[in-house]
Protein chains: 2
Amino acid sequence: MGPPKVKNVESAVMAKGEAKPIAATTAKSGAKSRPLTRIQREKQDIILEAALDVFSMHGFRGSTIDQIAEVAGMSKPNLLYYFPRKEEIHRRLISALLVTWLAPLREMDAAGDPFPEIRSYIRRKLEMARDFPRESRLFANEMLQGAPRIIEMIEVDLKNLVDEKADVLLTWMDQGKIARTDPYHLIFSIWATTQHYADFDVQVRAVLGPARGGEGRFEDAARYLEHLFLYGLTPRQPVTVK
Amino acid sequence: MGPPKVKNVESAVMAKGEAKPIAATTAKSGAKSRPLTRIQREKQDIILEAALDVFSMHGFRGSTIDQIAEVAGMSKPNLLYYFPRKEEIHRRLISALLVTWLAPLREMDAAGDPFPEIRSYIRRKLEMARDFPRESRLFANEMLQGAPRIIEMIEVDLKNLVDEKADVLLTWMDQGKIARTDPYHLIFSIWATTQHYADFDVQVRAVLGPARGGEGRFEDAARYLEHLFLYGLTPRQPVTVK
DNA sequence: CTAACATTTTTCCAACTGGTCAAAATTCTT
DNA sequence: AAGAATTTTGACCAGTTGGAAAAATGTTAG
């Protein structure tokens, strides 16, 4: 697991308005949308980067445009030139996030072998927790607030994806390839255990202490989680427990 | 698992100042502290209740005194009569929380049988996620923000407790009573999987849908988690996995 | 080089923020 | 019931917030 450290929060390019203000993300109507200038592309990226920093720590309401502008190294009105609304920045981050975030689950292949598939799903999720902790926290923050801005996406896109993958898991269970348990809660537990290392990072570090809280903690976590899920999923007769 | 639905966020009584303002929580110096009046006790509880609602959703920075006052059904100045500082309310909630929150782990007894002990720890944590979701979210919010207000408690009290319990787990592993894995990450995974049902409640409900997302979801979760951890911890030879 | 456009800065605003204060209203004690 | 203490209210304040407007400055295609 080598840290890729990708930047660019979002590369999908958006439309630009007519004269002064850069149009809202959704290119509605027949608004002729000129391609973004170099400066626009650069500055939008810088702003989104800065906003990710701030929003992921303080949530939407707890973050201010001033803060974001400062991190981005520009003045507030200047920032507002690129994103006329605070909400707009947040929405861009969130929607870019959801795509990335669900990619690993999407990759879980019904045609593959169950254990390798599940194991590599866990591994990928853990890598994301390590390499994109801010994205994880942004998502967590949104959840804590009741997901006001993404509830529909959760209820539709996410739900559909999970339904589909739960079916895959069920098939594997039917074939006796993995233990029979609740596929939904299985997915939840993978999310929970992996994202924990991003969302509760402070706690994890503090508890592990300087000796074990270094970068190695992700290796340890990967090893542990593999063991937990592997032996918890191996089909066999229950062992007698005193 | 019957829902207890306890109220009273905090029962620990605090000192009151001389004439006008109710003294800060910390009863320092020789400030003669009259016992709290009935009204003071009642109103403080109402305020803390309301503050828990608000802080747990929006975090410290994202919450306003006005908001809390409105939920509490009183005017802002009136609220400030009881808690002169916004931080004071938050601190009271957090410190009351930490005690409650760690109780289940504290109860894990080295003298007991490993599996029953671990199983009932998981069960208790899950019950807390079900019965005190706001407390869970308050904690999560604080973590996401880097735990600025409780980092010392995490680094000292929490760390010590976890160190102690990790030792207990290690002993059990040495005795061959549970599988040998990383005890710290084991504890993390219990925290993560159980608290997930409070912190990501919206997501869990949305994904499970109306049919399975009702109150029964905690039963299902309990069953699933028991299976996951039980078979994941049963000491035995690794099964060959294709 | 320059007009047309893009970007940045300056100034400003109304609403909201945490918090103060004195006066008014209520409750408690005797 | 009266006086003292407690509780509540209304008016107010300085700093912050999201955002508007326009002037000033830069950039670039022809």
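Order of the sequence lines sets the chain letters (A, B, ...), proteins ahead of strands, with each chain counted from 1.
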Trainee: Classify the ring geometry of A:Phe139 against A:Trp101: parallel below 30°, tilted from 30° to 60°, perpendicular beyond 60°.
Mentor: tilted

Trainee: Output yes when at least one side-chain N/O atom of B:Gln40 is less than 4.0 Å from OP1 or OP2 of D:dT7, else no.
Mentor: yes

Trainee: Parallel, tilted or perpendicular: which describes the rings of A:His90 and A:Phe55, with under 30° parallel and over 60° perpendicular?
Mentor: perpendicular

Trainee: Counting only side-chain heavy atoms from C-beta out, which of D:dT17, D:dT9, D:dT7 sits nearest to B:Pro77?
Mentor: D:dT9

Trainee: Out of C:dT8, D:dT8, D:dG19, which has the shortest distance to the side chain of A:Lys43?
Mentor: C:dT8

Trainee: Using only atom types and a distance under 3.5 Å, with no angle test, would you say the side chain of A:Arg137 pairs donor to acceptor with the backbone of A:Ala198?
Mentor: yes

Trainee: Just call it for B:Lys76: base, sugar-phosphate, or nothing, with non-hydrogen atoms closer than 4.0 Å on any strand.
Mentor: base

Trainee: Where the side chain of A:Thr64 is defined as all heavy atoms beyond and including C-beta, which of D:dG18, D:dG19, C:dT8 is the nearest nucleotide?
Mentor: D:dG18

Trainee: What is the distance, rounded to the nearest whole Å, between atom CD of B:Glu87 and atom C1' of C:dG19?
Mentor: 13 Å

Trainee: Tell me the interatomic distance from A:Met74, atom CE, to C:dA6, atom P, rounded to whole angstroms.
Mentor: 18 Å

Trainee: Calculate the interatomic distance between A:Lys86 atom NZ and D:dA20 atom P; express it in whole Å.
Mentor: 14 Å

Trainee: Do the side-chain N or O atoms of A:Tyr81 get closer than 4.0 angstrom to the phosphate oxygens (OP1, OP2) of D:dG19?
Mentor: no

Trainee: For A:Asp66 and C:dC13, what is the distance between atoms CG and P respectively, to the nearest whole Å?
Mentor: 18 Å

Trainee: May I ask you to evaluate whether B:Arg61 reaches the phosphate of D:dT17, defined as a side-chain N or O under 4.0 Å from OP1 or OP2?
Mentor: yes

Trainee: Between C:dT7 and A:Asn78, is there an OP1 or OP2 to side-chain N/O distance shorter than 4.0 Å?
Mentor: no

Trainee: Is the shortest side-chain N/O distance from A:Arg85 to OP1 or OP2 of D:dG18 below 4.0 Å?
Mentor: no

Trainee: With sugar-phosphate meaning primed atoms plus P, OP1 and OP2, does A:Ser75 contact a base, only sugar-phosphate, or nothing at under 4.0 Å between heavy atoms?
Mentor: base

Trainee: Could you tell me how far apart B:Leu80 (CG) and D:dT9 (P) are, to the nearest whole angstrom?
Mentor: 13 Å

Trainee: Is it possible for you to check whether B:Arg92 lies under 6.0 Å from the centre of the six-membered ring of B:Phe83, through NZ or CZ, and within 45° of that ring's axis?
Mentor: no

Trainee: Roughly, in whole Å, what's the span from CD in B:Glu70 to P in C:dT17?
Mentor: 11 Å

Trainee: Is the A:Phe200 ring parallel, tilted or perpendicular to the A:His196 ring (thresholds 30°, 60°)?
Mentor: parallel

